[in-house]
Amino acid sequence: MGVADKKTFTVVNHRVEKIDALALACGTAQFTDDVDIRGLLTGRILFSPHAHARIKSIDTRAAKKVPGVLAVLTHEDLPRVRHTTAGQGYPEPSPYDTLVLSEKARYVGDRIAAVAAETPEAAEEALSKIVVDYEVLPAVFDTLAAMKDGAPIIHDEDDSKNIPDAQHNICAKFDFEVKASEWFSEADVVVDQWYQTQWAQHCALEPHVTITYFDGDGRLVIRTSTQVPFHCRRITARVLQLPVKSIRVIKPRIGGGFGSKQEVLLEPVCAALSLATRRPVKIELSRKETFISSRTRHPFVLRLKTGAKKDGTITDAHMEVYCDNGAYGAHSLTVMMCSGSHTLPMYQAKNSRFIGRSVYTNLPVGGAYRGFGATQGFFAWESQMDMMAEKLGLDPIEFRRKNYIRSGEGSPVFKAMGEGREGIEQKIGSCGMEECIVKGLEAFGWHERKKRNAAQTGVKRRGLGCACLMQGSGIPEVDMAAASLKMNEDGSFNLHMGATDLGTGSDTVLAQIAAEVLGVTVQDIIVLSSDTDLTPFDVGAYASSTTFISGNAVKKAALHVREQILKVAARILDEKFEDVDLKDGKAVGKSGRSCALSEVANTAFYYHDQHQIMGVASHTATSSPPPFAAHFTEVEVDTETGQVEVLAYVSTVDCGTAINPTLAEGQNDGAVLNGLSFALTEEMRFNAAGAMVNSSFRNYKIYSAGDAPPFRTILIPTYEPDGPFGAKSVSEIGINGPQPAIANAIYDAVGVRLFAPPFTPEKVLAALQAKTPEKAPVRAQ
Amino acid sequence: MKNNIKQFCFPTSAKEAASLINRLKSKAVVVAGGTRLSRALLPTVETVVDLADLPLKHIKADKRSLRIGALCSIAELEKSPLLAQWAGGVIAKAASHWSNALARSMGTVGGNVARAHPHNNLPPVFLALDAVAVCTDGRREKTIPFAQLLEPGLMRELGTRYIVVEVRVPAETRTWSAACARLALTKTSWEAYTNCVVAVDRKDGAARRAAVVIGSVLPRAVRLAKAEAALAGKPCGEASARAAAAAAVAELEALTGRAEAKAYACRTSGVLVRRCLMEAFQG
Amino acid sequence: MAKTKGRGVLKAKDGRIAITVNINGREQAWTVAPGEYLLDVLRREGYKGVKKGCDNGDCGTCTVLLDGKPVLACMMFAAQAHRRALLTIEGLGTPDKPHPIQQAFVETGAVQCGFCIPGMVLATKALLDENPDPDEPAVRRALDGNLCRCTGYVKQVEAALLAAKRLKACKGGE
């Protein structure tokens, strides 16, 4: 069937308007909190003020007496079910070390009690009246120190599972090595460097919010801002000891997630309060609560020791990562592994070694965050590439071009390192890296800028930097998506899929894929997504899986439906099945006879061989084709203040076929800007007691429209055979570029290399004053 | 947000507003632009005195002074044609550096001056231009020079005993050479590392009188006397700018007790002082 | 002697204050708790298009226009809107009759998750009402109080410029 493999399109690869954009622009699209529910109670959580403390007792009597308070819960009131909050496929590759309400305070922000009350004021008062008798314990805040003998043991309980070494606070461990020769025996130059990335947070503008209530049939409905509705249902059921079938999870419009909502964070607490009160309950984290008690980007301490030959071939890659997971182990194995699985294959070093440890500390918990370890890994790798190029006397771009993986090539890392488990063998099916580099250099004006900067003098110095990147498209043999499609009598279709649109536009993209197969427009596809009662299963929005995996499920379902339509149409048109095509909402025969799709539908409903034209399909992938990207930037460093201004930034990205170029560009734009502030301004800061000191947008700086430097995204089309209509993923990769590209550009500008972002003016100035390369932020073991 | 508010008053004159707060004392609070206060009320507050209706939105000049009404928004200062050419446009420029569009739209001169947070943008520029704040307690008007205003005790009185009516800047400052610069983590950062305003009255190429003001580094904006001394009577040029900058750094380091946390701010204050002076000298 | 437009004093009776607000062109009478913030009252009264991003004046998500001026609804007490005119996103345009600014945001792809959009659109309106022909730096400055994490602001700036162009053309002048 030609349509499945077509390469020219009528809907796909077109700038179709996002189907919910108008409703969003008019304020009529509904987010979680945009409904009025009678009798809704306010739920609030009591957070630990201590970084590490035993809870000797919790006295809730006074809190319960506050007028309007209907429930006050602690760990003593809930089933003691250790789980992970990480929204991952079952069995989750994260330790089961979390209780809905903690029995021990393991960080400032840990959840100690929950209340539900008729008014926000009553809830607030109840919180203030809960008396917790803490025995404060020594805390540990340093990733490397936490692994040493004698460090406080954060998980000393006996009922947690899947913690590799609780005595040394290690919550995930992975080692991998492939060796072709003696280590570094063939290297002419060796670079050995430590790096350290900072604490950061997603800052979705909509805070975490969940509403739970019982419907008319007594089933528990969870209406929540989630990226993982099905994982939410499963984990909530298990944790509260309810049958899965008694729960329905509905995802309304979401105001961003970026990974922070790939977490079953509020739902079990909120559901527990509803169960205790038999009333609807809403928990909405304040912005400050989001900062201190949701999830973070895992800070990494990384060591890269790499070797290369004079001709520029990278021979050895030794990568050690220490991933700070904070107090609980959500995503501990997967984020850590992705820092290697999404970087090492790109460089094709014949000797490759990865040593990964995720570590508990008494600080906020790491979660899934766009880039997912690859971001941290690429900061190290793409900085190291420039350092190696310099030592070899090679142009940094030529050095990269010599080494990166190409179409048709594979890597032993693909099989050895998946995401949380062994991966799969794969060969690169599409790689636009070369064109990304060529087009990027040209669009950026790299050579002209280099010439211009060659003779520069003065207090402000300009420099150029680049970074080459890859990511993945879903987790092969782990992520599964399903979709169902049914036809209506007017020739429209209902498309139901579990796939989760968190603002990314996946509803639109998936509708485009279906419309392409069926020869209709997106206006004829009615999309319903992410309702565990009404839509088939999907792991949810993470790992850049939606377009690639959910897209293929939708495509398959649409092909089933297409086949049924053609069968009915062939009979109507008196044509052979294989001579009928679908175009512009019509079935068209080879003879030129045609009929409207509505005629097909009505025939099937009422006239002949009555049946509902519908299709269901599931899809898992056997590959995870990487998107590729090349980023180029020019910065200007004020050598008297240390300020770094980004003058220009070009990001090219190969995502295969861009199903919707506007949405793909938008995703990449957002990722790049997030990466820029991650490079220059974002940092969660803590005091000596482990409490976050900058828990507001005033003091945790993300970029506004006034701060954003000029930058642009250029899509580089390729065709990925495993993807729906050639598509790969696009949403994550852009965030990986700015940190290393800017580090490289700063070095080019002023000869100073920074290894511990964010590159604030103070840090840059201090490095300039030291006039030597910045002291490595950590000591080697 | 729990609070104990029981009533709102919308006075239509500064006298009325000031009388109210003097009568109600700690039970009342004034709100001008409302960009910070509404989330930080004391439990004693029962009355909100909303100044939004005060007819104090003028920006005009008479023979003696430039007069800026306390209810002018920061955005209005930024866009004022009169301020664009007063002392090299430094007041408009300082206003433009403030935070973001919403804060500039809502924030008022009175609020920026009375709630003198170390990072507020207007006290430094008014200090540099020898401005005074005209206030009323409901019965009498009081004129307080900014040099005095920024003392801790007096600051507390603004908004509690006194309402700011207008800021007056001496007419002779119109022709002064002035410049300002702000160093912060981002353009829209509310906090700054340092905030510099210089204003020089030049005659025959020398500084007859100079003001060097630094905000954000200390709890209140300060004039740096030693930096100013390095300029007074000297020819306006790179040499005096460098001398003033060096003196500024030394003075700030002394004032901050050489605190490590302020080292960067002190050092870069010197850079901004020099650059602002060079800009002012060229103007 | 009479002060023509004085709003006088609003006193709470039984813990409630009665206010009149002109919202999206219609006079409405509301009863609010004295200490309630405008954002919470707006949402309670059904204006769900006004969103809460931080409740602390730092993100711009709750931007509404007060007598044409952009303000943060989370930082104002509802009572402060007494006898003033408010414009929320619902009052600017609807899906069957969108305002050109809303339409421009849709067309350029400036809407991703959409949570920041009502505030961003209203800030754009305030800009274009005052300056119908802004350049890009002026657009960026006018929107710099509205945080967005999805879009990188690229297509939003394009949308504002496109809206300016179209509104100018509507007015018949160039």
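The chains referred to below are lettered A, B, ... by the order of the sequence lines, with proteins before strands, and numbering in each begins at 1. FYI, side chains are in, hydrogens and waters are out, and symmetry mates aren't considered; it's all heavy atoms of this structure.
Of the atoms belonging to C/Q103, it is side-chain heavy atoms, and not backbone ones, that fall under 4.5 Å from chain A. Contacts of C/T94 with chain A are made by backbone atoms alone, with heavy-atom separations under 4.5 Å and no side-chain atom involved. For C/I89, the parts lying near chain A are the backbone and the side chain together; criterion is any non-hydrogen pair under 4.5 Å. Within the 4.5 angstrom heavy-atom criterion, atoms from both the backbone and the side chain of C/L143 approach chain A. For C/T88, no part lies near chain A; criterion is any non-hydrogen pair under 4.5 Å.
In plain terms, the two heavy atoms of A/L205 and C/L147 that are nearest each other are CG-O, 3.7 Å. Between C/R149 and A/H202, the shortest heavy-atom contact is NE-O, 2.7 Å. Closest non-hydrogen pair, A/S696 versus C/N56, comes out as CB-ND2, 4.5 Å.
A distance-only check finds no donor-acceptor pair linking the side chain of C/Y153 to the backbone of A/D707 [under 3.5 Å]. Judged by distance alone, with hydrogens and angles left aside, the side-chain atoms of A/K18 form a donor-acceptor pair with the main-chain N or O of C/Q112 at under 3.5 Å.
Of residues 284-296 of chain A, those residues with a non-hydrogen atom less than 4.5 Å from any non-hydrogen atom of chain C are, in numerical order, A/E284, A/R287.
A salt bridge (Lys or Arg N to Asp or Glu O under 4.0 Å) with A/D34 is found for exactly one of C/K51, C/K48, C/K52, namely C/K51.
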